[in-house]
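Before any comments, here is the structure.
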Amino acid sequence: DELLATRREFLLGRWLEDAKRWGMNEVERARFEWNARRVLTLWGQGPAIDDYARKEWSGMLNGYYRLRWQQYLSELETTLSKNMPFDEDTFQAKLRPWMSDWSDQQENYPTLTRGDSVQIAQKLWTRYGRQLDSKRN
């Protein structure tokens, strides 16, 4: 997320603000933002298409995907600790309302880049490079 935030084309905030600009009033702006969020995540009513226009943008990683993964891993941990099989259908039934609620949110995400991509990439390489090298060998 931090590395993506160095590039304006990878900012969720720009996507959402661009969508809101099309609205002529608050109701329209809220609807356009909802649509902009929904097309990225859970498109359609009823049986929807997950991740229809999935984007790995700054804001999406920490604000949506990380949270969704945390729920999944927490559910797996619970079922493993109880020695139960993972029930995908039950999990999806619990996850879907959360995914839908995310579309209803109106929290703001940064619209301006921050950080230097080379410096951040070097920092990430210092932190994770050894692990990546060991997996290649």
Side-chain angles (χ1 to χ4, degrees):
D1 203 82
E2 183 182 5
L3 182 57
L4 291 166
T6 66
R7 303 289 308 199
R8 65 190 301 257
E9 62 270 23
F10 297 134
L11 296 176
L12 173 61
R14 287 182 43 84
W15 169 260
L16 297 176
E17 292 304 314
D18 286 347
K20 288 189 276 188
R21 270 195 280 284
W22 285 94
M24 300 300 286
N25 56 50
E26 286 304 314
V27 172
E28 285 185 357
R29 283 188 280 282
R31 186 63 167 171
F32 288 138
E33 179 181 6
W34 180 87
N35 278 310
R37 287 168 174 267
R38 195 69 176 216
V39 74
L40 296 174
T41 57
L42 185 65
W43 191 45
Q45 301 293 333
I49 301 171
D50 294 354
D51 298 330
Y52 176 73
R54 176 187 173 91
K55 303 291 185 216
E56 293 189 4
W57 288 339
S58 177
M60 287 299 296
L61 292 184
N62 276 335
Y64 184 76
Y65 295 119
R66 181 179 57 84
L67 301 173
R68 194 170 73 174
W69 272 104
Q70 285 174 335
Q71 292 179 64
Y72 175 71
L73 294 173
S74 175
E75 187 71 20
L76 282 178
E77 183 178 39
T78 298
T79 58
L80 286 171
S81 71
K82 294 179 179 179
N83 201 26
M84 297 169 40
F86 178 72
D87 186 340
E88 178 74 23
D89 292 336
T90 300
F91 173 71
Q92 287 297 327
K94 288 185 343 187
L95 185 63
R96 225 171 250 310
W98 177 85
M99 293 167 68
S100 181
D101 288 345
W102 189 87
S103 299
D104 296 336
Q105 302 300 313
Q106 293 183 323
E107 74 274 19
N108 293 317
Y109 289 89
T111 58
L112 300 174
T113 60
R114 59 189 185 277
D116 177 86
S117 57
V118 172
Q119 288 177 349
I120 292 170
Q122 288 172 333
K123 178 180 84 169
L124 292 171
W125 182 256
T126 299
R127 185 170 179 185
Y128 299 109
R130 188 174 302 132
Q131 293 170 344
L132 296 171
D133 274 345
S134 70
K135 295 202 188 299
R136 265 194 279 175
N137 297 329

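From a predicted model like this one, the values you see are computed outputs, not experimental measurements.
Among residues two or more places apart in sequence or in another chain, the ring pair (Phe, Tyr, Trp, His ring centres under 6.0 Å) test is passed with Phe86 by Tyr72, Phe91.
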What verdict does the side-chain contact (heavy atoms from CB on, under 4.5 Å) test give for Glu33 and Ser103, after you've listed the backbone C-alpha separation in whole Å, the side-chain angles of each residue and the deciding distance to 0.1 Å?
CA-CA 8 Å; Glu33 179 181 6; Ser103 299; over 6 Å; no
What's the verdict on side-chain contact (heavy atoms from CB on, under 4.5 Å) for Leu95 and Gln71, showing C-alpha distance, side-chain angles and the deciding distance?
CA-CA 8 Å; Leu95 185 63; Gln71 292 179 64; 3.6 Å; yes
May I have the step-by-step check of side-chain contact (heavy atoms from CB on, under 4.5 Å) for Ile120 and Thr6, ending in yes or no?
CA-CA 9 Å; Ile120 292 170; Thr6 66; 3.5 Å; yes
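Between Tyr64 and Trp69, the distance separating the two ring centers is not shorter than 6.0 angstrom.
In this structure, Phe32 belongs to a hydrophobic cluster whose other members, linked by side-chain heavy atoms under 4.5 Å apart, are Trp22.
Proximity of Trp57 to Leu4: side-chain heavy atoms (C-beta onward) are nowhere separated by under 4.5 Å. Arg31 places a side-chain heavy atom less than 4.5 Å from the side chain of Asn35. In this structure, the side chains of Lys94 and Glu75 come closer than 4.5 Å at one or more pairs of heavy atoms. Residues Leu40 and Arg54 are not in side-chain contact: their nearest non-hydrogen atoms beyond the backbone lie 4.5 Å or more apart. A 4.5 Å side-chain heavy-atom check between Leu3 and Leu124 finds at least one atom pair inside the cut-off. Between Asp50 and Met99, the closest side-chain pair of non-hydrogen atoms falls below 4.5 Å.
The closest donor-acceptor contact from the side chain of Ser81 to the backbone of Glu77 lies under 3.5 Å. Panel note: side chain Trp102, backbone Thr41; no donor-acceptor pair is recorded below 3.5 Å.
Taking OH of Tyr109 as the reference point, atom CG of Leu16 lies at 8.0 Å (rounded to 0.5 Å). Taken from CE in Met60 to CG in Leu67, the straight-line distance is 10.5 Å, to the nearest 0.5 Å.
Closest non-hydrogen pair, Arg114 versus Asp1, comes out as NH2-OD2, 4.3 Å. Considering every non-hydrogen atom in both Thr113 and Arg8, the closest pair reads CG2-N, 3.2 Å. In plain terms, the two heavy atoms of Asn62 and Arg66 that are nearest each other are OD1-NE, 3.2 Å.
Judged by the 6.0 Å distance and 45° axis criteria, Arg37 is not positioned over the aromatic ring of Trp34.
Salt-bridge check for Glu26 with Arg29: passed, with a basic side-chain N closer than 4.0 Å to an acidic carboxylate O. Salt-bridge formation is detected for the pair Asp51/Arg68: a Lys NZ or Arg NE/NH1/NH2 atom is positioned less than 4.0 Å from an Asp or Glu carboxylate oxygen. A salt bridge is absent between Glu17 and Arg14: the closest approach of a Lys/Arg side-chain nitrogen to an acidic carboxylate oxygen does not fall below 4.0 angstrom. With salt bridges taken as basic N to acidic carboxylate O contacts below 4.0 Å, none links Glu28 and Lys20.
At a cut-off of 3.5 Å, with distance as the only test, no side-chain donor of Arg7 or Ser58 sits close to an acceptor on the other residue. Defined by atom type and a distance below 3.5 Å, a donor-acceptor pair is present between the side-chain atoms of Glu88 and Gln92.
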